[in-house]
Colleague: 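I have a structure here, written as structure tokens, and I will follow up with some questions on it.
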Amino acid sequence: MRYTLTREEKLKSRKLIGRLFEEGSSLSEFPLRMIYLQTDYTSDYPTQVAFSVSKKRFGNAVDRNKIKRLLRECYRKNKYILYDKLNDKYIIMFTFIDEKHYKYVELEEKMIQLLDKFLKKEKKE
RNA sequence: UAAGUAGUUCACCUUAUCGCUUCGUAUUUGCGGAGAGGAAAGUCCGGACACCAUAGAGUAUCGUAGUGGGUAAUACCCAUCCGGUGCAAACCGAGGACAAGUGCAACAGAAAGUAUGUACAGUUAGGCUGUAGUGAAACCAGGUAAACUCUACGAGGUGCAAUGCUACGUAUAUUGGAGCUUGAGGGCUACUCGUCCAAUUCCAAGGGGUAAGCAGCUAAAAUAAUGCAGUAAUGCAUUGUUCAGAUAAAUGAUAAGGCUUCUUAGGAAGUACAGAAUCCGGCUUAUGAACUGCUUUUUUU
RNA sequence: UGGCCCAUGGUGUAAUGGUAACACUCCGGUUUUUGGUACCGUCAUUCAAGGUUCGAGUCCUUGUGGGCCAA
């Protein structure tokens with residue numbers, strides 16, 4: 001398993017994102033929150049993801065970019081958790097819901113917890 | 001030494017691993033190159049570029065305003081005169097015209113415009129002259145134009161979500177109105193003119209679909225050094241440099257070392273303001289550190 | 001990204017360059033045995049900082065916050 005995150009794995013379609021917010025379900029592990037939906041799309045990868053930080057919580061573009069980059073890095077390092085276990089295709093949007101800055105190590109820990117939580121829930125169903 | 005004032009420079013660095021965007025080359029995921037700012041910001045001005053008719057005329061509207069120069073252009077820059085602020089260095093100024101016309105002037109004051117009253121003084125008198133008092137303004141051809149206006153100069157409009165092309169998809173549903181060469185309507189601010197286009201068409205209501213890709217898209221009014229012209233802004237010549245191009249939107253993470261700062265050796269932090277979105281020139285605002293010139297005051301010699 | 005607007009008591013609106021007005025609300029008082037009604041009073045650095053002016057809510061400039069339009 002290579003630790004990459006290519007263009008194909010990013011959620012870009014405006015239509016899919018619209019559907020995600022209308023029909024998707026959510027799960028949170030403070031300060032992270034994920035919205036996910038099982039659906040079909042053209043790419044071969046098992047998930048497509050996007051990252052979002054609210055403009056209300058971080059007014060500066062510099063801070064928003066910084067957090068989005070950290071989140072992307074966390075996901076990139078730990079996406080094998082999902083890729084090994086998932087059978088269906090999912091689209092996921094991660095949002096950041098705190099007003100403080102976090103370090104990379106802290107965020108990575110939270111990300112792993114959140115992904116585990118997600119897997120448990122989906123397997124039960 | 002303190003305070004002030006004008007300006008200049010920098011914006012942690014190196015290596016390794018993993019990853020992102022993009023270009024080149026190879027081809028099967030390799031190899032190599034490039035990858036945020038002085039303000040990328042605000043959008044306050046000016047252009048380039050594109051379309052709108054060939055981009056036209058007049059009026060309206062808006063902007064600018066000492067003088068001279070620079071520039072693609074400007075509300076910018078340079079020089080200088082005048083006025084103002086400051087002890088000074090220095091800084092600020094929409095700084096043309098009220099001797100064309102119109103309007104306005106609270107309170108105070110005799111009077112704020114059809115100007116010229118009162119008291120006192122000078123003079124023999126008539127009258128004339130001066131002073132006082134109110135006020136921002138009454139030194140009379142009065143004050144006021146960031147009041148209307150006039151003068152000079154400038155501005156056609158819309159903006160890369162411009163514009164051109166490809167692909168996918170739908171509904172020529174329906175209703176109302178206008179018109180078919182004696183002209184509906186359109187040609188992107190308002191009116192008038194002029195001119196061009198114009199018929200399975202145009203307008204309104206209401207509804208449906210799409211929202212994917214390519215071009216535009218980054219090498220230029222670019223920048224550095226030297227020489228010449230010029231007080232300067234700047235221009236010209238020669239030589240060198242190649243410097244982001246994404247689109248739910250690339251610049252990140254980890255480790256080691258150096259450097260700096262903080263701290264009780266351990267250790268912690270890498271700082272301020274802040275993230276390209278068609279591209280340039282300015283202005284304005286936000287902001288850390290270091291250095292230099294000048295002014296004033298105090299102390300010492 | 002580009003373009004265009006707005007800001008006055010707690011709320012909604014006024015105001016030729018010359019004392020910031022009106023309605024409702026809140027609070028205090030008077031009237032009433034008490035409450036309501038009625039009457040009286042209080043509540044403003046006119047978004048911020050500069051400029052023009054004798055004098056700016058008003059005119060000009062810059063900023064702050066909010067809103068609208070354009071596939």
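Keep in mind that what you see is a predicted model, and the values were worked out from it rather than measured. Sequence lines set the chain letters: A, B, ... in the order given, protein chains first and strands last, and positions in each chain run from 1.
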Colleague: Please report the distance, rounded to the nearest Å, between CG in A:Asp63 and P in B:U271.
Modeller: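 Interatomic distance, CG of A:Asp63 to P of B:U271: 13 Å.
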
Colleague: Does C:G17 pair with anything, Watson-Crick or G-U wobble, both distances under 3.5 Å, and if so, with which nucleotide?
Modeller: none

Colleague: A:Phe118, A:Tyr80: one ILVMFWY side-chain cluster at the under-4.5 Å cut-off?
Modeller: yes

Colleague: If you check every side-chain atom of A:Arg76, which of B:G275, B:A253, B:C18 has the closest atom?
Modeller: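 That would be B:C18.
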
Colleague: Counting only side-chain nitrogens and oxygens, does A:Lys66 get under 4.0 Å of the OP1 or OP2 atom of B:A253?
Modeller: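 Indeed, a polar side-chain atom of A:Lys66 lies that close.
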
Colleague: Round to a whole Å and report the spacing from CG of A:Asn65 to C1' of B:A250.
Modeller: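 It works out to 10 Å between those atoms.
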
Colleague: How long is the line joining OH of A:Tyr104 and C1' of B:G19, in whole Å?
Modeller: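 Rounded to the whole Å, the gap is 10 Å.
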
Colleague: Run A:Met93 and A:Arg33 through side chain to side chain contact (heavy atoms under 4.5 Å, CB included) and show every step you take.
Modeller: CA-CA 8 Å; A:Met93 168 81 75; A:Arg33 183 159 178 270; over 6 Å; no

Colleague: Taking a hydrophobic cluster as the set of Ile, Leu, Val, Met, Phe, Trp and Tyr residues connected by side-chain heavy atoms closer than 4.5 Å, whether directly or through intermediates, do A:Tyr104 and A:Val62 fall within one such cluster?
Modeller: no

Colleague: With a cut-off of less than 4.0 Å, is there a side-chain N or O of A:Arg69 near OP1 or OP2 of B:G19?
Modeller: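 Checking B:G19 against A:Arg69, no side-chain N or O comes under 4.0 Å of OP1 or OP2.
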
Colleague: Could you walk me through whether A:Tyr36 and A:Leu27 satisfy the side chain to side chain contact (heavy atoms under 4.5 Å, CB included) test, starting with their C-alpha distance in whole Å, then the side-chain angles of each, then the deciding distance to 0.1 Å, before giving a yes or no?
Modeller: CA-CA 8 Å; A:Tyr36 61 93; A:Leu27 196 64; 4.3 Å; yes

Colleague: Between P on B:A253 and CE on A:Met111, what's the gap in Å once rounded to a whole number?
Modeller: 15 Å

Colleague: When you check the glycosidic angle of B:A39, does it come out syn, meaning within 90° of 0, or anti?
Modeller: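 With its glycosidic angle more than 90° from zero, B:A39 counts as anti.
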
Colleague: Syn or anti for B:G38, please, going by whether the chi angle lies within 90° of 0.
Modeller: syn

Colleague: Select one nucleotide: of B:A269, B:A249, B:G275, the one nearest the side-chain heavy atoms of A:Lys103.
Modeller: B:A269

Colleague: Please determine whether a side-chain nitrogen or oxygen atom of A:Lys77 lies at a distance below 4.0 Å from atom OP1 or OP2 of B:G252.
Modeller: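 So the side-chain polar atoms of A:Lys77 never come under 4.0 Å of the phosphate oxygens OP1 or OP2 of B:G252.
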
Colleague: Take the protein atom CG of A:Leu70 and the nucleotide atom C1' of B:A250, then report the distance between them rounded to whole Å.
Modeller: 16 Å

Colleague: When the distance from CD of A:Glu9 to P of B:G19 is rounded to whole Å, what number comes out?
Modeller: 12 Å

Colleague: Within the 4.0 Å heavy-atom criterion, would you say A:Arg64 contacts the bases, only the backbone, or no part of the nucleic acid?
Modeller: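 If one applies the 4.0 Å heavy-atom cut-off, A:Arg64 turns out to touch nothing in the nucleic acid.
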
Colleague: For B:C243, measure the glycosidic angle (O4'-C1'-N9-C4 for a purine, O4'-C1'-N1-C2 for a pyrimidine) and name it syn if it falls within 90° of 0, otherwise anti.
Modeller: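 Syn, angle within 90° of zero.
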
Colleague: Has A:Lys117 got a side-chain atom pairing as donor or acceptor with A:Ser28's backbone, closer than 3.5 angstrom?
Modeller: yes

Colleague: When the distance from CZ of A:Arg72 to C1' of B:G19 is rounded to whole Å, what number comes out?
Modeller: 10 Å

